[in-house]
Amino acid sequence: MMSIERRRHTKETDIHLVLELDGNGHTNIDTGIGFFDHMLTALAVHAGWDLTLYCNGDLEVCGHHTVEDCGIVLGDALHQALGTKTGLVRYGHAYIPMDEALVRCVVDVSGRPYLAFDATFTAPAVGQLDTQLVEEFFRAFAMHAGITLHIAVLSGKNDHHCIEAMFKSVAHAMRKALMKRDGVLSTKGVFHA
């Protein structure tokens, strides 16, 4: 898989991203939202991706545009990097604990975008990241990557722990789904376009 570079410039955000799926977890991330940077770093490190992502967003309004648009650009880059998806295991899952929190993620890299998100947060924010935006990020990522993504918090009280376990579970599920195999794993013989 190749290195993918994406740019997105709107009135709300200016984003530059470089993604290498066959990387070593090297990251250089600055979105202006510290906890979000930490989560994107965890995602890339645990997935084994090299990720450079800079976002200059309208944080004076709120973090919504920054977080959602980063999901859009990362999803677009992943979609481009996967190409026809031929030769991929396609499915992946992971259960990730973080102290009292336990999160399950199941992914299908099929070209059928969907997000099922089962989590309830108790705090309005972790650091400067609005907890409502976690679902927005994963929705934008799944829709633009063309993947089916199921994320569920099975237990947990600390929002920081739950969110971090989410990003890590997505990373490990993706890592499994993107492993190599022969052919196309579909009864249709092709992935959903």
Side-chain angles (χ1 to χ4, degrees), residues 1-10 13 15-23 25 27 29 31 36-37 39-55 57 64-94 96 103-119 133-152 163-181 184-186 188 190-193:
M1 293 179 195
M2 64 187 108
S3 179
I4 302 297
E5 184 171 5
R6 303 287 293 185
R7 293 182 183 273
R8 177 181 171 92
H9 181 74
T10 70
T13 59
I15 300 174
H16 176 224
L17 176 146
V18 180
L19 174 66
E20 173 61 60
L21 295 184
D22 294 327
T27 63
I29 298 169
T31 67
F36 186 45
D37 294 351
M39 293 302 95
L40 291 172
T41 298
L43 175 65
V45 167
H46 283 261
W49 300 344
D50 291 345
L51 178 62
T52 298
L53 194 159
Y54 300 111
C55 177
H64 192 287
H65 301 138
T66 292
V67 173
E68 183 177 35
D69 287 6
C70 285
I72 289 170
V73 174
L74 182 58
D76 285 343
L78 179 61
H79 184 265
Q80 183 180 347
L82 295 178
T84 65
K85 302 174 203 69
T86 301
L88 298 179
V89 168
R90 175 178 171 179
Y91 296 102
H93 71 277
I96 298 293
V103 175
R104 177 187 63 223
C105 175
V106 183
V107 65
D108 176 10
V109 179
S110 64
R112 297 167 61 101
Y114 187 82
L115 174 69
F117 187 87
D118 185 6
L133 299 182
V134 176
E135 183 173 1
E136 296 304 316
F137 169 78
F138 284 119
R139 179 176 292 107
F141 173 65
M143 295 303 123
H144 286 263
I147 62 176
T148 299
L149 185 60
H150 286 249
I151 302 169
I163 293 168
E164 188 160 344
M166 280 183 200
F167 277 81
K168 290 177 179 177
S169 68
V170 170
H172 283 273
M174 290 298 302
R175 190 171 197 145
K176 291 175 183 174
L178 300 183
M179 291 173 63
K180 305 289 193 271
R181 69 174 303 279
V184 175
L185 187 59
S186 171
K188 296 178 180 69
V190 296
F191 284 110
H192 189 276

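Fair warning: this is a prediction, and the values are worked out from it, not measured in the lab.
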Checklist entry - Do the side chain of Lys176 and the main chain of His93 share a donor and acceptor less than 3.5 angstrom apart? => result yes
Item to check | Contact check, side chains of Leu133 and Glu68, non-hydrogen atoms, under 4.5 Å | outcome: no
Next on the checklist: Nearest 0.5 Å, please: how far is CG in Leu19 from CD in Gln80?
Outcome noted: 9.5 Å
Checklist entry - Are the side chains of Met174 and Leu78 in touch, meaning some heavy atoms are under 4.5 Å apart? => result yes
Checklist outcome for this item: Taken in chain and number order and not counting sequence neighbours, the residues that satisfy ring pair (Phe, Tyr, Trp, His ring centres under 6.0 Å) with Phe36 are Phe137
Item to check | Residue pairs, two or more places apart or on separate chains, that pass salt bridge (Lys or Arg N to Asp or Glu O under 4.0 Å) and touch residues 72-81 | outcome: Arg6-Asp76
Checklist entry - Can you check whether Cys55 reaches Asp69 side chain to side chain, under 4.5 Å on heavy atoms? => result no
Item to check | Contacts of Glu164 that satisfy salt bridge (charged side-chain N to carboxylate O under 4.0 Å, His left out) - sequence neighbours left out | outcome: Lys168
Next on the checklist: Please give me the minimum heavy-atom distance between Val18 and Ser3, naming the atom from each residue.
Outcome noted: CG1-OG, 3.4 Å
Item to check | Partner residues of Tyr114 under the side-chain hydrogen bond (donor to acceptor under 3.5 Å, both in side chains) criterion, sequence neighbours left out | outcome: none
Item to check | By side-chain contact (heavy atoms from CB on, under 4.5 Å) - contacts of Arg7 (at least two apart) | outcome: Glu5, His16
Checklist entry - How many angstroms lie between CD1 in Ile29 and CE in Met39, if you round to the nearest 0.5 Å? => result 10.5 Å
Next on the checklist: With rounding to the nearest 0.5 angstrom, report the CD1 to OG1 distance, Ile72 to Thr10.
Outcome noted: 9.0 Å
Checklist outcome for this item: So CG of Leu115 and CZ of Phe138: to nearest 0.5 Å the spacing works out to 8.5 Å
Next on the checklist: Could you report the tightest heavy-atom contact between Cys105 and Ser169, atom names first, then the distance?
Outcome noted: CB-OG, 3.4 Å
Checklist entry - For the atom pair CD1 (Ile96) and CZ (Arg104), what is the distance rounded to the nearest 0.5 Å? => result 13.0 Å
Checklist entry - Can you name the closest pair of heavy atoms from Thr13 and Gly57 and give their distance? => result CG2-CA, 4.0 Å
Checklist entry - Ala119: what forms a side-chain contact (heavy atoms from CB on, under 4.5 Å) with it, not counting sequence neighbours? => result Phe117, Phe121, Val153, Met166
Item to check | Steps toward side-chain contact (heavy atoms from CB on, under 4.5 Å) verdict (Val170, Val107) | outcome: CA-CA 8 Å; Val170 170; Val107 65; over 6 Å; no
Item to check | Nearest non-hydrogen partners of Pro113 and Ala142, listed with the distance | outcome: CB-O, 3.7 Å
Next on the checklist: Give me the atom names and distance for the closest heavy-atom approach of Ser110 to Thr148.
Outcome noted: OG-OG1, 4.1 Å
Item to check | Spacing of His79 atom NE2 and Ile4 atom CD1 [to the nearest 0.5 Å] | outcome: 11.5 Å
In residues 41-53, what donor-acceptor pairs under 3.5 Å come from side-chain atoms, sequence neighbours left out?
from	atom 1	to	atom 2	distance (Å)
Thr41	OG1	Asp37	O	2.8
His46	ND1	His172	NE2	2.8
Asp50	OD1	Asn24	N	2.8
Asp50	OD1	Gly25	N	3.2
Asp50	OD1	His26	N	3.0

Next on the checklist: Going by the rule side-chain hydrogen bond (donor to acceptor under 3.5 Å, both in side chains), which residues pair with Glu136 if we only count those two or more places apart in sequence or in a different chain?
Outcome noted: Arg139
Next on the checklist: Before you tell me yes or no, could you show the steps for Arg8 and Leu17 under side-chain contact (heavy atoms from CB on, under 4.5 Å), namely the whole-Å CA-CA distance, both residues' side-chain angles and the distance that decides it to 0.1 Å?
Outcome noted: CA-CA 9 Å; Arg8 177 181 171 92; Leu17 176 146; over 6 Å; no
Checklist entry - For the residue pair Leu82 and Leu88, what are the closest heavy atoms and their distance? => result CD2-CD1, 4.0 Å
